[in-house]
Amino acid sequence: MEATEHKNFIEQIIDSHNESGRFQKRVHTRFPPEPNGYLHIGHAKSICLNFGLAQKYNGKCNLRFDDTNPETEDVEYVESIRNDVRWLGFQWDGEFFASDYFDQLYQWAEQLIMKGKAYVDDQSAEQIAATRGTPTVPGKESPFRNRSVEENLDLFRRMKAGEFEEGSRVLRAKIDMSSPNMHMRDPVLYRIKKARHHRTGDRWCIYPMYDFAHGLCDSIEGITHSICTLEFEVHRPLYDWLIEQLGIYHPQQIEFARLNLSYTVMSKRKLLELVEGKYVNSWDDPRLPTISGLRRRGYTPAAIRHFADKIGVAKRDNIIDVALLEFCIREDLNKIAPRTMAVLRPLKVVITNYPEGQTEEVSALINPEMPQLGSRLVPFGREIYIEQDDFMENPPKGYFRLTPGGEVRLKYAYIIRCEEVIKDAAGNITELRCIYFPESKSGSDTSGKKVKGTIHWVAAHEAASAEVRLYDRLFTIPDLSDIPEGKDWKDFINPHSLEVIPDAKIEKNMLQASIGSIWQFERLGYFCTDPDTNKSNKLVFNRTVTLKDTWAKAH
RNA sequence: UGACCGAUGGUGUAACUGGCAACACGUUUGAUUUUGGUUCAAAAGAGUCCUGGUUCGAGCCCAGGUCGGUCAACCA
């Protein structure tokens, strides 16, 4: 567990509740998604917060689906949300649906009517909108606002019975049309929707609005701390009003600032636009900040949890540098990812003094961070591939890989010297002729040679081939909430966010790599096998993140 | 010309509730290294949005500003 000495403002509130005894030292949170889309890393922040608080205070955390709008919701999303929460490493105490409470909610609505605190409004949606006023101008009361309790009850029951057309009537709270808080201007509580609900089927044709249902559901579940994002701050007076009118258990709502990540977008609307507009390939496209995208990209639950822990919780708007997320995944993967060698852009090297037809196997550490894991055998021979980047004909100062006449170590093998550069008619370098120093073999080096650089390689005679997908940030600017005038946020999509290497050379050991397994390609970064590996009958790797490269950064 | 919320290094979060502004990421430098990775060591970088007040003492309290965010779906 992390050594978190500093308490965030929510923990401080909980502590004060525990001192005052407001909730009898009980802590019961909940994660309340609507099953109408996929979870993203912003949700992960909320999940880690809610479940984390429950763990820290020996409390409970529910998973509740706020499924009050049958038109947009589906069981498919319920499944994917469950799956993502579980994958993140959390197990909820109770699993509930707002729709479980439809009967209770309906009873409460009638109760409000009987108290004279709610009425059926015959106005159209347009009329209601038009008479709501603006933040600075009070709204106008509906002509139906003062119907009798009997009439309201009758009308509401007939709404429930399906006697009226969709959109013809709604149930509204009777609060204050001139309230400075727009949400208190007689908000809609129930609307008619003759839609089939994914759980209650055709049992209902009226459905509660989120604002009516949400706080009441928390109350039903005995939630102590209803944690939500900042935009619901102005809704709180309404939730409190409802609870007060009904005289029921009162949870404490606490709002925090949602996560924003640099170089990406987090809103459901924009994510949907990226997927539907084919800017990315799917909801689990590894470039997306969706949980499924991050998973496919090779992010681990531990790294995401650690990230959520490090970013903290507060109320001010924030935009977290993706570099922090990348730090978290590198930190995790460095410890656990087995190493292998892969050459993305191969340059053939012929070792002229290595006997033709001869091969051998060299020993390579599985993970230098964990030597106890032992080593693997890697084939070596007269012809190998090295990275094109690891040779320069005219190197800048400070370059210490291979150059004409220069020497480097082939990792876990020998030191070589470049003797000759072969080019095609166009002047492109096609091959290098090198010599090796037999006495410089790794582990038994008696050559006395000192080289500055060590490069990775793959033996040509036993190289496997793989497709490698190199991902980069999805956008070219860090802050997508700050778009210059006349521009659209989609104008800043990074055209190079995906580069496909169709034929990389990798250690043949990798043919056995299982789907989703995570590797470090020495000197290149962390990669995981993509599910497409199955389909295409060829190895496909996704680059999770590069290794830090202080040389490349400066050049 | 409304209500609510917020403002601390480049980024994010702290500061025992009034006592020398700290930690992490990022950046830079050095050491180690058969990954220009890791690890280790160090440095630079804010005087806490502004103005005034209370106080021996203010990032924390008070007053007034400024700037930013949120709110006007029969969405959540």
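Values in this document were obtained by computation on a predicted structure and should not be read as measured data. Side chains are part of it too, since the values below use all heavy atoms of this structure and drop only hydrogens, waters and symmetry mates. Labels below follow one simple rule: chain letters A, B, ... track the order of the sequence lines, proteins then strands, and each chain is numbered from 1.
Between A:M209 and A:V234, the one whose closest nucleotide on RNA chain B sits nearer the 5' end is A:V234. Each of A:R169 and A:I320 was assigned the nucleotide of RNA chain B with the nearest heavy atom; the assignment lying further toward the 5' end belongs to A:I320.
Rounded to an integer number of Å, the gap from A:R523 CZ to B:U33 P is 18 Å. Rounded to an integer number of Å, the gap from A:F400 CZ to B:U34 P is 12 Å.
The aromatic rings of A:F380 and A:Y414 lie tilted to each other, with the angle between the two planes from 30° to 60°. Aromatic ring pairs are classed by plane angle as parallel below 30°, tilted from 30° to 60° and perpendicular above 60°; the pair A:F232 and A:Y210 is tilted.
Among the nucleotides B:U34, B:C25, B:A72, the one closest to any side-chain atom of A:R132 is B:A72. With distances taken from any side-chain atom of A:E34 to the nucleotides B:C71, B:A76, B:G6, the minimum falls on B:A76. Closest to the side chain of A:A129, from the set B:A73, B:U11, B:A76, is B:A73. With distances taken from any side-chain atom of A:T454 to the nucleotides B:U8, B:G2, B:U34, the minimum falls on B:U34. Which of B:C25, B:U35, B:A76 sits closest to the side chain of A:L324 comes down to B:C25. Nearest to the side-chain atoms of A:N318 among the listed nucleotides B:U13, B:C74, B:A76 stands B:U13.
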Reading 5' to 3' and counting Watson-Crick or G-U wobble pairs with both distances under 3.5 Å, write the dot-bracket notation for RNA chain B, | for bases paired outside the strand. .((((((..((((.....[..)))).(((((.......))))).....(((((..]....))))))))))).....

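The separation of B:G18 from B:G57, taken at their C1' atoms, amounts to 8 Å, rounded to a whole angstrom. Between B:C62 and B:C20, the distance separating the two C1' atoms is 25 Å to the nearest Å. B:A43 and B:C23: their P atoms are spaced 11 Å apart (whole Å). Separation of the P atoms belonging to B:G59 and B:U48 is 7 Å when rounded to the nearest angstrom. Spacing between B:A14 and B:U66 at atom P, rounded to whole Å, works out to 28 Å.
In this entry the base of B:G47 is syn relative to its sugar, with a glycosidic angle within 90° of 0.
Remark: the A:N36 side chain and the A:E73 side chain contain no N/O donor-acceptor pair separated by less than 3.5 Å. If you check the side chains of A:T200 and A:S99, you find no donor sitting under 3.5 Å from an acceptor.
For A:R339 against B:U35, a side-chain-to-base donor-acceptor contact under 3.5 Å is present.
Looking at A:R185, its side chain does come within 3.5 Å of a backbone N or O of A:T134 through a donor-acceptor pair.
Residues A:A303 and A:D332 share a closest heavy-atom pair of N-OD2, 3.9 Å.
In this structure, A:K270 forms a cation-pi arrangement with A:W489, its terminal cationic atom sitting closer than 6.0 Å to the ring centre and no more than 45° off the ring axis.
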